[in-house]
Amino acid sequence: MTAPLASTTLSARIDAVLAEAFATAGLPVEGARAARASRPELADLQCNGALPLAKSQGQNPREIATAIAAALAGHPALDSVEVAGPGFINLRLSARFLADCATAQGSDPMMGLREVPRRMVIDFGGPNVAKPLHVGHLRSLVIGESLRRILAGLGHHVVSDVHLGDWGLQMGMLVAEIRRRWPELSCFATPPRPPASLPFDMADLTLLYPAAAAACREDPDRMAEARADTAALQSGEPGHRMLWSAMRALSLAAQTRDFATIGAHFDLLLGESDVQPLIPGMIEDLVERGIAIPSDGALIVEVAAETDARPMPPLLLAKSDGAALYATTDLATILERVQRFPDLAAIVYVVDQRQSLHFEQVFRAAARAGYAPGVTLTFAGFGTVNGPDGKPYKTRQGGVAQLADLLDEAIGKAAERLAPRADLDDDARARLARTIGIAAVKFADLSSYRTSGYVFDPERLVSFEGRTGPYVQYACVRIASILERAAAEGHAPGAIAVIEPAERALVLDAARLPDIVASAAANLAPNELADFVFGLAQSFSRFYADCPVLAAPDPDIRASRLALCALTRAVLVHGLDLLGIAVPDRM
RNA sequence: GGACCCGUAGCUCAGCUGGAUAGAGCGCUGCCCUCCGAAGGCAGAGGUCGAAGGUUCGAAUCCUUUCGGGUCCGCCA
């Protein structure tokens with residue numbers, strides 16, 4: 001969905017060298033790409049491009065590889081070129097070339113990689129009014145925020161929208177429940193007046209919804225009442241609107257606090273309610289054009305295609321009583337976004353995987369209606385957070401686990417660990433605990449692939465050792481500490497020389513950042529980036545153990561290693577930033 | 001009934017368009033702080049990649065079948 005604008009990355013430079021060699025050998029250049037060597041003791045990079053050419057060229061793959069290797073021989077970027085196994089071309093990069101790349105990356109971690117800018121809306125978060133954020137929202141918020149940063153970092157004009165669930169039957173249920181409990185509220189009087197204050201707070205409100213939903217499930221009369229209130233709200237009855245507006249503000253305030261804690265940024269705080277004015281006209285348009293058709297009293301849009309391998313049920317646009325449904329709202333939201341952003345090129349939905357069929361229907365309906373010409377609609381579903389039983393996570397009490405509680409637990413655990421530290425005042429300690437605790441939770445969530453669900457394990461989410469956010473933060477902090485000491489002793493970073501194996505590994509690893517970011521963007525998969533930062537932090541830890549920096553054998557090596565430290569830190573900090581994870585000065 | 005996703009080490013998970021000896025973390029065993037921060041490093045044990053076929057020079061990866069788990073399927077969102 002994106003195209004590179006410019007790149008002077010290590011891989012791009014080597015690919016160009018390979019392409020030239022392929023051409024010299026009279027071969028098509030499609031396979032002229034280098035990958036990380038699967039056996040680092042044999043090579044830095046390997047090219048497998050000779051193998052698939054065997055058939056079309058009618059030659060033994062080793063012969064093809066040998067021809068390519070001959071064309072590569074003596075290139076200044078390469079120290080050695082060897083053909084191995086069935087036809088792998090093993091490349092050892094020259095120290096000079098590596099130093100060049102590392103130096104370039106020192107001033108720009110992304111090595112100039114940008115993409116042709118496009119306007120994108122990214123839709124994530126999606127909390128419902130009156131429901132607190134729970135652990136299920138973690139994935140949407142954390143993945144969505146990271147994708148927002150990754151896409152923006154590549155130069156795209158990204159707009160994030162939280163898409164509140166603030167419309168529909170749930171709101172009617174709440175109104176009905178509240179009227180039963182507080183009939184004296186001024187919004188129920190005639191004429192209705194906005195309530196000066198509400199008799200409930202957010203904590204009460206979060207209990208009202210499950211109570212109302214349970215009542216409606218058990219009692220058809222209560223359900224009928226909720227439907228009537230929903231209809232009244234949607235038709236604009238003033239008292240209903242007043243109460244609705246107050247509830248919405250109350251829960252949005254609480255949710256905004258959670259967004260701030262977890263570091264999710266929203267450019268727009270729009271919701272389902274904001275597109276309701278567009279719906280009557282949209283339905284009229286769809287009916288007039290014959291796209292929406294009556295079926296059993298309801299209004300549907302057929303979205304099945306003849307080429308479908310699987311059945312595609314129609315999209316239900318309006319119920320038999322005329323009321324709109326969430327598919328209607330989601331379709332109208334596309335219209336709204338296209339109107340708001342004339343240059344819109346893509347909408348990315350970071351939504352629960354279970355809604356994939358629903359969005360497929362909405363996307364097809366939008367295509368049939370021509371509502372989003374030239375706009376790529378992408379469903380980036382994520383898996384559910386499960387309990388040990390493999391089903392969506394519930395607390396021991398049977399309720400959902402609140403996100404704020406999980407974050408508090410992680411922050412508390414970090415604070416505990418920092419408690420003995422005398423060098424921090426209370427305020428600094430609290431801020432640091434927050435930075436570390438949040439990093440632990442976010443990194444753990446970002447580590448698994450977007451679509452796979454994972455088992456919710458608080459122990460793992462708030463762990464600080466091993467493959468965790470704090471481990472990567474720790475690497476950054478140690479580097480900062482070395483650089484500080486060096487500066488105090490009057491030593492500055494200097495020209496990079498790649499000598500030791502650990503130095504080579506570090507430079508090769510760091511240089512992958514732009515490739516990883518591009519891939520993470522293309523696949524909408526922040527876990528690739530999480531994997532990368534952890535691997536680079538590991539490479540640094542090995543370098544740190546093997547190669548003394550301040551106590552290096554001579555001043556040139558010390559200057560080079562200081563530059564490598566600075567480079568590594570810049571790349572790690574940039575990668576973590578794209579994941580939405582901050583780095584403290586000390587920890 | 002129909003469709004989609006998943007099944008990889010004791011546990012939790014990676015594994016990018018098929019490529020050499022399938023990885024990480026946790027847990028377990030043993031080393032390493034008079035040496036730049038041990039939230040660390042090194043070494044080790046642990047896998048018929050659910051099963052069976054097929055495509056291919058080559059399969060955890062692609063196709064078919066099968067078993068097991070999860071999810072969704074017009075008047076909730």
Side-chain angles (χ1 to χ4, degrees), chain A residues 33 35-39 42 46 48 51-52 54-55 60-61 84-88 90 126 128 165 167-170 173 213 216 272 295-301 309-321 323 325-327 329-330 352-358 360-361 381 383-384 386 390-392 414 417 436 440 444 447-449 451-455 457 459-460 463-468 470-475 477-479 481-483 485-486 515-516 519-520 522-523 525 527-528 530-531 534-535 537-538 541-542 544-552 561 565 586-587:
Chain A
R33 276 173 299 137
R36 273 224 287 186
S38 57
R39 297 181 60 180
L42 297 181
Q46 67 185 74
N48 301 334
L51 296 162
K55 190 160 281 178
N60 175 319
F88 303 116
N90 284 336
N128 289 324
W167 208 245
L169 183 60
Q170 57 185 354
M173 287 180 177
C216 289
E272 296 171 339
S295 167
D296 295 338
L299 217 46
I300 62 167
V301 177
R310 54 180 180 160
M312 179 60 58
L315 175 137
L316 191 56
L317 194 66
K319 299 198 287 185
S320 40
D321 67 2
L325 289 135
Y326 82 131
T329 301
D330 283 327
D352 193 311
Q353 190 70 37
R354 287 176 291 189
Q355 296 195 41
S356 62
L357 177 61
H358 160 71
E360 179 64 28
Q361 293 175 303
T384 46
N386 298 320
K391 295 186 176 159
R417 188 168 184 133
I436 296 171
S447 288
S448 61
Y449 184 65
T451 58
S452 46
Y454 64 84
V455 174
D457 176 6
E459 290 286 322
R460 188 176 67 87
S463 148
F464 304 144
E465 270 103 40
R467 195 189 195 286
T468 63
Y471 171 95
V472 186
Q473 288 176 319
Y474 179 70
V477 167
R478 283 200 297 189
I479 295 171
S481 168
I482 294 171
L483 294 173
R485 286 187 54 168
D515 300 328
I516 299 292
S519 174
N523 299 328
N527 69 299
E528 294 181 19
D531 196 50
F534 175 69
Q538 265 186 325
S541 292
R542 293 201 187 101
Y544 178 85
D546 289 359
C547 303
V549 178
L550 296 173
R561 287 181 181 168
C565 284
R586 265 186 286 280
M587 63 189 283

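Just so it is clear: chains get the letters A, B, ... in the order the sequence lines come, proteins before strands, and each one is counted from 1.
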Please tell me if the side chains of [X] and [Y] come closer than 4.5 Å, counting only heavy atoms from C-beta onward.
X         : Y         : answer
Leu325(A) : Lys319(A) : yes
Leu51(A)  : Phe88(A)  : yes
Arg417(A) : Ile436(A) : no
Tyr471(A) : Ser541(A) : yes

Discussion item. It should be established whether Lys55(A) places a side-chain nitrogen or oxygen under 4.0 Å from OP1 or OP2 of nucleotide rU56(B).
Written reply: no

Discussion item. So, does Gln355(A) get its side chain near the phosphate of rU71(B), meaning an N or O under 4.0 Å from OP1 or OP2?
Written reply: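 For rU71(B), OP1/OP2 do not have a side-chain N/O of Gln355(A) under 4.0 Å.
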
Worksheet item: Does Asn90(A) make a side-chain donor-acceptor contact with the base of rA20(B), cut-off 3.5 Å?
Response: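 Answer yes: a donor N or O sits under 3.5 Å from an acceptor.
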
When the [atom1] atoms of [M] and [N] are compared, how many Å lie between them, rounded to an integer?
N       : M       : atom1 : answer
rG19(B) : rG58(B) : C1'   : 7 Å
rG40(B) : rA60(B) : C1'   : 32 Å
rG23(B) : rU64(B) : C1'   : 29 Å
rA14(B) : rC26(B) : C1'   : 14 Å
rA20(B) : rG30(B) : C1'   : 31 Å
rG50(B) : rG69(B) : C1'   : 11 Å
rU8(B)  : rG70(B) : P     : 15 Å
rG41(B) : rA52(B) : P     : 38 Å

Grab the two heavy atoms, one from [X] and one from [Y], that are nearest each other, plus how far apart they are.
X         : Y         : answer
Gln361(A) : Met312(A) : CG-SD, 3.9 Å
Ala552(A) : Arg561(A) : CB-NH1, 4.2 Å
Ala440(A) : Ser463(A) : CB-O, 3.7 Å
Ser295(A) : Ile300(A) : CB-CD1, 3.6 Å
Cys565(A) : Leu483(A) : CB-CD2, 4.2 Å
Asn90(A)  : Ala84(A)  : ND2-CB, 3.6 Å

Which is true for [X] with a 4.0 Å heavy-atom rule: it touches a base, it touches only sugar-phosphate, or it touches nothing?
X         : value
Leu51(A)  : base
Ile516(A) : nothing
Ser320(A) : base
Ala327(A) : nothing
Pro52(A)  : base
Glu459(A) : nothing

Item to complete: Summarise protein proximity over nucleotides 5-16 of chain B in one line of letters, 5' to 3': B for base, S for sugar-phosphate only, - for none, counting protein heavy atoms closer than 4.0 Å.
Response: -------SSSS-

Item to complete: Scan nucleotides 33-39 of chain B nucleotide by nucleotide, 5' to 3', and note B when protein non-hydrogen atoms come under 4.0 Å of the base, S if they reach only the sugar-phosphate, - if neither.
Response: ---BBSB

Item to complete: Output the single nucleotide from rA77(B), rG74(B), rC75(B) whose closest atom is nearest the side chain of Leu169(A).
Response: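 Among rA77(B), rG74(B), rC75(B), the one nearest the side chain of Leu169(A) is rA77(B).
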
Grab the [atom1]-[atom2] distance between [X] and [N] for me, whole Å please.
X         : N       : atom1 : atom2 : value
Arg354(A) : rU71(B) : CZ    : P     : 8 Å
Leu315(A) : rA77(B) : CG    : P     : 12 Å
Asn48(A)  : rA20(B) : CG    : P     : 8 Å
Met312(A) : rC72(B) : CE    : P     : 16 Å
Gln361(A) : rA3(B)  : CD    : C1'   : 12 Å
Leu357(A) : rA3(B)  : CG    : P     : 13 Å
Asp352(A) : rA77(B) : CG    : P     : 17 Å
Lys319(A) : rC76(B) : NZ    : C1'   : 8 Å

Worksheet item: Which glycosidic conformation, syn or anti, is assigned to rG74(B) if syn requires a torsion within 90° of zero?
Response: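 Syn, angle within 90° of zero.
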
Worksheet item: For rC13(B), does the glycosidic angle fall within 90° of 0 (syn) or outside that (anti)?
Response: anti

Practice prompt. Mark yes or no for whether Glu272(A), through its side chain, and Tyr326(A), through its backbone, hold a donor-acceptor pair below 3.5 Å.
Written response: no

Discussion item. If we ignore hydrogens and angles and just use 3.5 Å, is the side chain of Glu528(A) paired with the main-chain N or O of Asn523(A) as donor and acceptor?
Written reply: no

Worksheet item: With nearest nucleotides of RNA chain B determined for Gly168(A) and Arg33(A) from heavy-atom distances, which residue corresponds to the more 5′ nucleotide?
Response: Arg33(A)

Item to complete: Nearest-nucleotide wise, let me know which of Arg542(A) and Ser295(A) is further upstream toward the 5' end of RNA chain B.
Response: Arg542(A)

Item to complete: Taking Watson-Crick and G-U wobble pairs with both distances under 3.5 Å, convert RNA chain B into its dot-bracket string, 5' to 3', dots for unpaired and | for cross-strand pairs.
Response: (((((((..((((.....[...)))).(((((.......))))).....(((((..]....))))))))))))....

Worksheet entry | Ring-face cation contact, Tyr544(A) with Arg478(A), 6.0 Å cut, 45° max | yes

